[in-house]
Amino acid sequence: MIHPVFTPRINNNDDQVRLSALMVQPVTSVRKGQEIAEVETDKASFAVAAERDGYLLKVVPAVGEMVEVGSVLAWLGDSPEEAVPEAAPAGPAAVPEQAHGRPTAKASLLLAELGLDESVVPVSGDRLTVADVEAYAACQKQAVPAAPAAMEEGPAEEGSYQALSMEERGMLRSVLWHRDVAAPAYLEISYDREAWDDYAAGYAQQKRLMGSPLIALMAHRLAGISASHARLNCTMVNGQMFRYAHVNLGLTIQADETLYLVVVREAEKLDAAGFIKRVNALHKSVLARRLGVEELTGASVGFTSMSRWAANRHIPILPRHVSLMVAHTITKHNEGVLGATYDHRLLSGGDAIQILNALATPPAETETA
Amino acid sequence: MNAGQQIKEKIEELARALGRDASKLKSDEVIPEAGLLDSASLMMLIVWYEARFGVSTDDEDLTIDNFGSIDRMVDYLERHGGR
């Protein structure tokens, strides 16, 4: 069976929206809740999610094209072979099914500020509104901050606006989560480079590797530490601790001007060789720009290194629902530094120091076999 | 320009981005040991090599024995039918 995905209304005053990005290309299987496209107006953007499991068969407008609210944006099917109808069905007049219950732009901001998940807030009308969020927060005895700031005015200077790329929007979302939801703190230690450098060099020689596996091996070590730590592989949601079933290790990889956080899923199940193989495959996918959604989302803990640029210190942001992000570097003076931004709602400074101290030492030799 | 010269040119470009000079790199010199490219640059070299010469490399093949020098990269092309 085939199902239309209607174009949602984002702002009351805008009867048209622009298809700004596709997260999934037709024909691809999608899961219920998976973001498939993003639409925007001058004031806000909105991620359109699949309402059911199936296949994205066709996207009607081209990226960048303006679309009427309520018109068919895309077609989903139960199988990849289904034919797409030529005539589009009439969409719901006011609020498309796709948008029903979805938060308004202001409600989204308030949800982010309060660290609330939209799915837990009861909806009183067609859309989840600021009033709904405030009512829920009051019931939960959560302090409601001042109403979200009005739309920021741009500079009164000559210039023009540019649309953000998908990667830039992803970075913006991460930064806002870090600022509005997490309780980030940072600390760092020096570590003795010799032990890790010898370990990585021995590993590379044994496996006849082309490049140094130091960063991948340290990230693999972090995955092992995460699997056994009580609160490291967790995140805080609505005042409750959510424990991930698996360690999904996020690792930053740079491609030209863009920094990607690729995710090695179920990293705790991989030995060092399997982990490096997976990192290499992700690295090649980044450079070829052929990453899937699963490879860019769902990190539970993260690792980044600025040793390439010999930075003295860098304080990473916490990606959404990541409890700790390790920041590795080797300075111009050849000093090894391990820092960490951590979510203080989950981890204390003592926890973070213990984790970094454990990471400062490579695993026993037998673990590389 | 033959394959070896093209590979050399790419290595020089990647090294330049790191502020290093690879112009004196010899074709039989072991690239990782020369200290001209870091791990990220080596991966960029491999991805460029696959696209430029139309070969696909298995992860198991990414060893110093296959890609450790310009000569070895040219040999790999000849063994795997690169264009």
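Nothing here was measured: the structure is a model prediction, and the numbers come from that model. Just so we're on the same page: letters track the sequence lines, and every chain starts at 1.
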Revision key, fill the gap. Heavy-atom closest pair (A/S212 atom, B/S39 atom, distance to 0.1 Å) is O-OG, 2.9 Å

Around atom [atom1] of [X], are there more than 12 heavy atoms from other residues, nucleotides or ligands closer than 6.0 Å?
X: A/R173; atom1: CZ; answer: yes
X: A/Q162; atom1: CD; answer: no
X: A/R289; atom1: CZ; answer: yes

Exercise for review: Mind checking the CG-CG spacing from A/L209 to B/L42? Nearest 0.5 Å is all I need.
Suggested key: 11.0 Å

**Study point:** Between NE2 on residue A/H283 and CE on residue B/M44, distance to nearest 0.5 Å
**Key:** 6.0 Å

Point to revise | Contact residues of residues 3-36 of chain B (partner chain A; heavy-atom separation under 4.5 angstrom) | key: B/L18, B/P32

Check your understanding: Any side-chain heavy atom of B/M43 within less than 4.5 Å of one from A/I253?
Key -> no

Practice item. Heavy atoms only, distances under 4.5 angstrom: which of B/L37, B/L62, B/I64, B/I46 has the most pairs with chain A? Name it, please. Key: B/I64

Review point. Between B/D59 and A/K277, is there a salt bridge with N-O shorter than 4.0 Å?
Key: no

Review point. Measuring heavy-atom distances to chain A, does B/S69 have an atom under 4.5 Å in its side chain, in its backbone, in both, or in neither?
Key: neither

